Structure formats: structure tokens, C-alpha cells
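None of these values were measured; they are calculated from a predicted model. So you know, we letter chains A, B, ... as the sequences are listed, proteins then strands, and number each from 1.
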Amino acid sequence: MSLPQLKTEKVEIEQEQPPTGFRVIWRELVKDKLALFSLILLLALVIFIYTYSFFLDQEEITKINLLNIFSPPNAENWLGTDYGGRDVFGQLIIGARNSLTIGILITLSTSLIGITLGIIAGYFGGWVDYVIMRFVDFILVLPTLMIVIVFVSLVPNYNVFHFIFIMSLFYWTGKARLIRSKTLAERELDYVAASKTLGTPDWKIILFQVLPNLSSIIIVNMTLNLAGNIGIETGLSYLGFGLPESVPSLGTLISYSTNPDVMQNKWWVWLPAALLILVLMLCINFVGQALKRAADARQRLG
Amino acid sequence: MVKFIIKRILAMIPQLFILSLLVFMLTKAMPGDPISASFLNNPNLDPEVIEELKEKHGLNDPWYVQYTNWIKRLLQGDLGVSYVHKVKISKLLGERFANTVVLGAATLIISYLIAIPLGIIAGRYQDSLADKLIVGYNYFSYAVPLFVFALLMLFIFGFRLGWFPTSGSVDPQVTKGTLEYYLSRLHHLILPATTAALLSTVGTIQYLRSEIIDTKYQDFVKTARAKGTPEKYVYNRHILRNSLLPIAAFLGTDIVSILGGSIFIEQIFGYPGIGQLFISSILQRDYSVVVVLVMLSGFLAILGTLLSDIIMSIVDPRIRIEE
Amino acid sequence: MPLLKVENLKVYYPIRSGFFRLVRDYVKAVDGISFEIKEGETYGLVGESGCGKTTTGRTIIGLNKATDGHVYLNTNGDQVDLVKLSRKEFRKYRQDIQMIFQDPYSSLNIKKRVRDIIAEPLRNFEKLTPEEEEQRVIDALEKVGLGPDSMYKYPHQFSGGQRQRIGIARALVINPKLIIADEPVSALDVSVQAQVLNFMKDIQKEFNLSYLFISHDLGVVRHMCDRIGIMYKGRLVEEGTAEDIFENPQHLYTKRLLSAIPNINPKKRYENQRLREQINREFVEKSREFFDEEGRIYDLKPISSTHSVAIP
């Protein structure tokens, strides 16, 4: 073999990727114009929200200014002011940042619980699986929303971490079920048996052999979950049982609409927040659905 | 069949037991007890008397004695007393529960009225413009949070256009029992029920669409077509009959999700049902009512899944064999 | 002393039913079989699908749990009963027994590069520097006839035969004494089968390996095996050298199995068909002589120094 030939082979080697990897997902995203548009809009929004909120002074924004109550949108207050004369636009940005951050944190913590328990149940099977799944079944039939609200109202010195904790207690079950069923299928494949005969310990097989094969499902599920969790958080904040007052959420802004006068005549206070949630949800979901199609070979666009 | 249903009902018992235990623990975690609460506005009462009353009502008993007593009372239909309203909870619940049932039933009916035709159209004319619009609507209704959608509906149809009342379940000025009264109730019902229904169609549409697409390519349908059966007949006799039945099985889970959504819907549309009662009880720290509502919702949810499983086992015999 | 001695191995699966999931009955996948494998020997386990041959292989290597019996492994003069070991204790002996799987597509993790696949046992059993590890992987690949450039590729970039050779390289890399080959070529094209089989024979000579060769394909078994056990319904019906089995089959089931081998000579087609019909008739008529009242297969009885048959 001559030298130049060897070189071209090397280059080729570096570009090789595992199948069903991020490349396939990316290809699928680019093909789906709506999903691509959603992704770009979502990224733009997220970057704008986080950088802009970085320069905002929350104290300054939440300071009450009684001389400037409920002023409609104008040059200084782009989206007007609320009942305390506070700038709605600033609150919107800070609320969006908080809702996104908390949504991401809840998604991460529920994923950690759900994936761990799901993969353990699926991999080991037997009584381990039985116990975990009966527990999941039980949580699934609970009136989750009500119980979360009760918990939130009971906790003394309630703060953001309490909220994340309470949410994490109840919203991991769907993921555990999904991961379990995928692990059950994966476990039957011979590569797992091979790893066992090669003397690899179970925890290593779970982490380094099975988990990578579930990665695309996990990514899809986490994306869709993120949307769901932001929805639940803002909804609870709207009812007054979500984020504490010190951490305003998009739901907090929307909750001003409980007052019919605000709802009817001072729409600038709540409507932008409602629309922002709508846009965020739609974007995340469109991206998530495209990812889902990419992960499922049968549904790929090509 | 009967064996499966009995088995399934027996399996419900541990669920109910754990639910009741959890709810009971919640009760204990909640501040205040019935006796102290009843005399909250009476500071002159001797603490010793309160202690005596507590003893008499078994509040100093070990928790399992209290638990069994509580269960006994629940089974006898004694739900307890609201600390705040000073009335029996069963009385407080009555009308609101009926309201929620009416709202839920209306939501279910409207939801099926929308979902079944749309699912059939999408499945039959796969990849047509109509199908694409329906799939788009599905994505939308899956993505949008209920409370945001409800607020927008209320804002547009209640406040801006003024087509529907913005709160309550009936106009307080009409007399009960007249035609006017029922019309007013209906008028109050349409907007919240339609709003909830519009977002609860996803499952049914998706299921029907993919089921019809699957059935379309199965051999018995191909055979029917090959024999020259008219297209309309193929759909009505061969495809729909196979696809529509399992929809019934979603009934239970639909009830559960509509129940969960009722908290938002009732709160936003000011509709006096148990969802709204729950929120106001929490805000007023009326915990005896809260506990009953959690227990009731959990019970209905378990009943809903039971219903689903039983209908499913009638429709699809494979489920029964699995156990 | 044989390298591996299987004694009265049983693998039962409980059948549970009813509300309390009580054990009602057992599926006897493997029901008391015994055989030995000597060093450097290939022992063929043959039977129709579902006869328990794969379960036997997987139980020996610890993938399934034995209900009863013993699997003695000879390690440096000591006999260790693998059945009695916990998974942790078993680890020490894994280096001696390795497995080649039937399906070369699912037995390699699609997310891993060849290098990581082959290095997996090395990382478990030997502490090597990355350079040493790489050298060992290259050596192993070379043994199975693949170049070092394969190291950074993914399994899907190889053909079935190449994948199976990667599987073999993975089994070989820690120098085992016994390899359990579970239908190693049945998923491959016929043209590739001979290539992989001959290659397995070559490395056997080179490293003095023993094989437990599990297969349903009698042609392949004749080509590969020194001694053969015929399995039926979880038990051995006949055992002997390849010659014993193919030239002098004694058990009814063995005869039937052998008669099912297709003959490529078209002139003998009718003759073969008649033979098959005759044996089938015989199978029905004489089954009483070869199975006891419950339909169970008798224990093996020696009829020569190398040949045993399950007869009363």
C-alpha cells in the first residue's frame, strides 16, 4: 500500500460516526423546515432572554413606582407597567429566564430519577422490576397536581429548591416507564450477554453499553419533557403555587389577569407572557417532534 | 371475562389503601386539628377543656387507631366538617361536584364530537391538505398549556367579543327550574367545556388516524376492495368497526385527565366546581375539605383507569390472557 | 483430567400463573445432561431448535442459572464447580471460558468502535497502558485477518463475516482455554461460513483451544467436531465420536436427524425420500423402545468405549 493512500484512509476514519447518532438527528432537523425554524427562533429567544436578563437589575424592576401605575406600552416601558408601576417588559424577561431555568432543572432532576430507576428495573428485571414498577403505577394514579399544590402550601419557608424537589417527586414516572421498556428490549440483545461473558460488571454494562444505545430516546424525551415542565411550572405559578414570590415566573405575570379589569383593559400586563409561553412551547415541541422522528428510523423523512 | 374484572377490582384495593394512607399522612402533616380549629375564635376556652375534647374525639390515639376510625367514617359517608364554612363537607361538595360532573361530561362529548370526525378524515385522506391541517392542530393542542389556552379563549370570546359570560355556572337572576335557567347554564358551560375539549382531542385523533391507516393496508381490507366492495362500504363496515371500538377504552384515562385539568378550567372561568373549591380551600387553609377532595380525586382516578382496563378487556381479548 | 466436565446439569424455568403468581409447573429446558470436553477438542452439541443446546452453553458460561448439577472447570489442576460460584467469584474464571454468539449484528454494540469492543475484556482483566492495549487489539485483529485500520471503525461498516471475526477476536484477546460457539455461522451466508469455520480450526491448532460447538447443522458439525452429543428435549440421546454418530447411529432420533440431511445427488432423491419415510414410520412404531412411559428419554448407556446411547 502506498503512502498517500494510507493518508486518505486516515481522514475518512476521523469522519466516521456511529449510526443513529447526532448526525442523523441533525439531518432530520434540517430537512424539516418548521422544526428548523422553531429551533432557530428558540435559540434566538433563549440567547436574548439570558443575555438581556443578565444586564437587568431585578431590584430596580421590582421596585414599586406608584406614579406610573398601569401605563400602557410606551417608549420607556415597552410593554407598559403593572399595578405597582413596575416595567412589564423587564418582568417578562426575568420571568422567562426563571421559568426556563427552573424548567431545565426539573427536567434534569426528573430525568436523573426516571432514567436511573427505569434502567435498573429493565436491566435486572425480577423482583427489582416488580417493586419499582408497582411504585410507578401507584404514583401514576395519584391526583398529582392536587398533591403537589398541597405540598407546596404546606412547606414552611418555601423556596425554589422546595419546588424543584416536590416536582421531582411526582413527575419522573413516565420517563421511568419509557426507559424501562426500552431497556427490556436492549437487554435481550447479545451485546449485553457478550459483555457479561467478558466479565464486565453490571453497573459498567448499564452505564457504558446500554445507556449509549438509549441516548437518542433520552434526548427526545427530555426535550418534550422540558416543554411539559415549563407548562406545569407556569401553570402552578399562575395559580399561586409555583415559584415563590421572590422568583417571578411567566405564570406570575399571567396571574395578574385574575383581575377582570386587567384581563379586559390592561392586556399588556399578561398577554405578552401568555404569548411568550405559547411560542416557547410550540418551538420546543416542534423541535422535539422532529427529534422523535429522527430517533425512530421508520418515521424519518429521508 | 368476569374473572378478569374481579381480579382487576381486587388489584384496586391495595391502590386505594396506599392512597388513603398517603392522604391520611397529609392530614397529619397539615397544621391544626378539628377541635382547635373549631374553637379558634374562642380564646377564653380553657386549654384543659380542649385537651379533654381531643381525648374524647380520639385525637390522642396512636395513628393507626385514628386511621382505622377515619376510614370507618369515610366508608359510612361521613366526610367531616369544613372548619371555615362550619358545614358538613358532603353538603359543601354536593352541588359543586354535580357542576364538575356536568362540565366534565360536556367536555368529553364535545371532545369526541371533534376528535372522531377529524381522526377519520385524517386517516382516510392521509397526506392530504386536510390531514396536514389536522396533524398541525394535533401538534398545537399537544404543545399548548391548558391554562394559557383557556385564558386566551376567555379573553377573546368572553371579554373582547362578549359572546359568553366570563364567570359562574348560571346567571344568578334567573329562577331555578325555568327554561331560562337551563339555557343560562348551557350558556355558561359552552366556553369552558369547548376550551377543555379542544385540548383533549390529541389522543383520540392520533389513535384513530394511525389505526385507520394501519387497517387500510391489512389483507382483509385489500380483499374487500379487490372483490369490488364500494369504498364507502369498505370504510363503514371494515375499517371503522375495527378502529372505533377501542376509543371507548380511552374513556377512563380521559376522565382522569379532564379531572386534572378541571382545576385550571374552573379557576379561570370562575366555574364553581370541585377544582375551584380545592383552590379556595387551600387558600383559606380549610384542610379538612382539601383532604376529602384529594381522596375523592384519587378515588375517581383509580376508578377511571379501572373502567379503561375493563372496557379494553372487552374490546381486546388479548389483554385478559396477558395476566 | 478433562478441561470441562458437565455433570447432571439441569435448568428449569418455573411456569407461574394465577393471582399470586404461584409456580405451577416447570419447563425443563435442560434436564440432566453430562459430558466432558478435553483440551484441544471440539465437542459438538447438536439438536433441533428448542432442544436446550443453547441454554446448556449459556448456563456453562453463567448467563443462565443452573437449577441443579455441576460444571467442573479444570484450572491448573484444580477442579472448580462453576455452578456454585456467585457472579463475583465467577469473574476469575471468565478468562478461561469465552463465547462466540450466533448473531454478529446484535452481539457487537453498534455505538462502540472496534477498538473498544475488543479491548473490553482486557480492561476487565488486565491493567494495561493505552499503548499496550492498542498493541493487543492490533494483535487480536491480525489473528482474525483484519487490518489495524479496522480499529477505529464501527461495527456497521463491516460485513457479517467480518463482524463474526471481530466477535472471535474479542473472545480470543484474553487467551481463553475454552470457547463456547453458539451457532457461530448460522447467521452468515453459506459462502462465508466455510471461511469462518476454517479460520476457527486454524486458531484452534495454534492456541490449543477447546470448543463447545453448538449447532443444528449436521454438515457443519461433521466438519468441525471430534465428538458429538445429540440433544433432544433437554437430554442427550446419543454421544460418541463423529464417526460413531455418522457411521453407526443407534438412537431413533439420531437416525431421523441424519436422514434429514439434504443430499445434493438428484439421482438419489427418491431413495432418500423413501429412507426418510421409513425412518419416520419407525420413529412412531418404535418410540416405545426409546422413551419411557412418560415420554422421557432414558439415561445414556455405553455401547463401546466412545459411544453411548440412551436406551433402557
| query | Are there residues of residues 33-43 of chain A that reach to under 4.5 Å of chain B by heavy atoms, and which ones? | reply |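 Within residues 33-43 of chain A, near chain B: nothing under 4.5 Å.
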| Between Leu278(A), Thr258(A), Ile230(A), Thr234(A), which has the largest tally of heavy atom pairs under 4.5 Å with chain B? |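 Heavy-atom pairs under 4.5 Å are most numerous for Thr234(A).
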| task | Determine the option with the most heavy-atom pairs under 4.5 angstrom with chain B, choosing from Gly251(A), Ala273(A), Pro260(A). | result |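 Among the listed options, the one with the most contacts to chain B is Pro260(A).
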| query | Between Ile102(A) and Asn229(A), is any pair of side-chain heavy atoms under 4.5 Å apart? | reply |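 No - every pair of side-chain heavy atoms lies 4.5 Å or more apart.
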If we define contacts as heavy-atom pairs under 4.5 Å, which of [options] has the most with chain A?
{"options": "Leu151(B), Val294(B), Leu300(B)", "answer": "Leu151(B)"}
{"options": "Thr166(B), Val148(B), Ile282(B)", "answer": "Ile282(B)"}
{"options": "Thr305(B), Leu146(B), Leu152(B), Val290(B)", "answer": "Leu152(B)"}
{"options": "Gly158(B), Ser297(B), Ser167(B), Ala301(B)", "answer": "Ser297(B)"}

Report which part of [X] has an atom under 4.5 Å of a heavy atom belonging to chain B: side chain, backbone, both, or neither.
{"X": "Ile232(A)", "answer": "neither"}
{"X": "Ile277(A)", "answer": "side chain"}
{"X": "Thr144(A)", "answer": "neither"}
{"X": "Ser257(A)", "answer": "side chain"}
{"X": "Ala274(A)", "answer": "both"}

For the pair [X] and [Y], name the ring-plane relationship: parallel under 30°, tilted 30 to 60°, perpendicular over 60°.
{"X": "Phe164(B)", "Y": "His187(B)", "value": "tilted"}
{"X": "Trp70(B)", "Y": "Tyr67(B)", "value": "tilted"}
{"X": "Phe157(B)", "Y": "Trp163(B)", "value": "tilted"}

Identify every side-chain donor-acceptor pair in residues 260-279 of chain B under 3.5 Å, counting partners at least two apart or on other chains, and give the distances.
{"unit_1": "Ser262(B)", "atom_1": "OG", "unit_2": "Leu259(B)", "atom_2": "O", "d": "2.6"}
{"unit_1": "Glu266(B)", "atom_1": "OE1", "unit_2": "Ile274(B)", "atom_2": "N", "d": "3.3"}
{"unit_1": "Glu266(B)", "atom_1": "OE1", "unit_2": "Gly275(B)", "atom_2": "N", "d": "2.6"}
{"unit_1": "Glu266(B)", "atom_1": "OE1", "unit_2": "Gln276(B)", "atom_2": "N", "d": "3.0"}
{"unit_1": "Glu266(B)", "atom_1": "OE2", "unit_2": "Thr100(B)", "atom_2": "OG1", "d": "2.9"}
{"unit_1": "Tyr271(B)", "atom_1": "OH", "unit_2": "Asn99(B)", "atom_2": "O", "d": "3.2"}

| query | Within the side chain of Ser99(A), is there an N or O that forms a donor-acceptor pair under 3.5 Å with the backbone of Ser249(A)? | reply |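 Checked: no pair found.
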| query | Minimum heavy-atom separation for Asn285(A) to Ala227(A), with atom names? | reply |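 In this case the closest contact between Asn285(A) and Ala227(A) is ND2-CB, 3.6 Å.
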| query | Can you tell me if CZ on Phe159(B) sees more than 12 non-hydrogen neighbours from other groups inside 6.0 Å? | reply |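 Above 12, so yes.
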| task | Report, as yes or no, whether the 6.0 Å neighbourhood of atom CZ on Phe299(B) holds more than 12 heavy atoms from other residues, nucleotides or ligands. | result |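 No, CZ of Phe299(B) has 12 or fewer neighbouring heavy atoms, counting only those of other groups under 6.0 Å.
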| query | Between Tyr130(A) and Arg134(A), is there a cation-pi geometry (under 6.0 Å to ring centre, at most 45° from the normal)? | reply |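 Arg134(A) over Tyr130(A) ring: yes.
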| Do Trp270(A) and Tyr256(A) have ring centres separated by under 6.0 Å? |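 No; Tyr256(A) has its ring centre 6.0 Å or more from that of Trp270(A).
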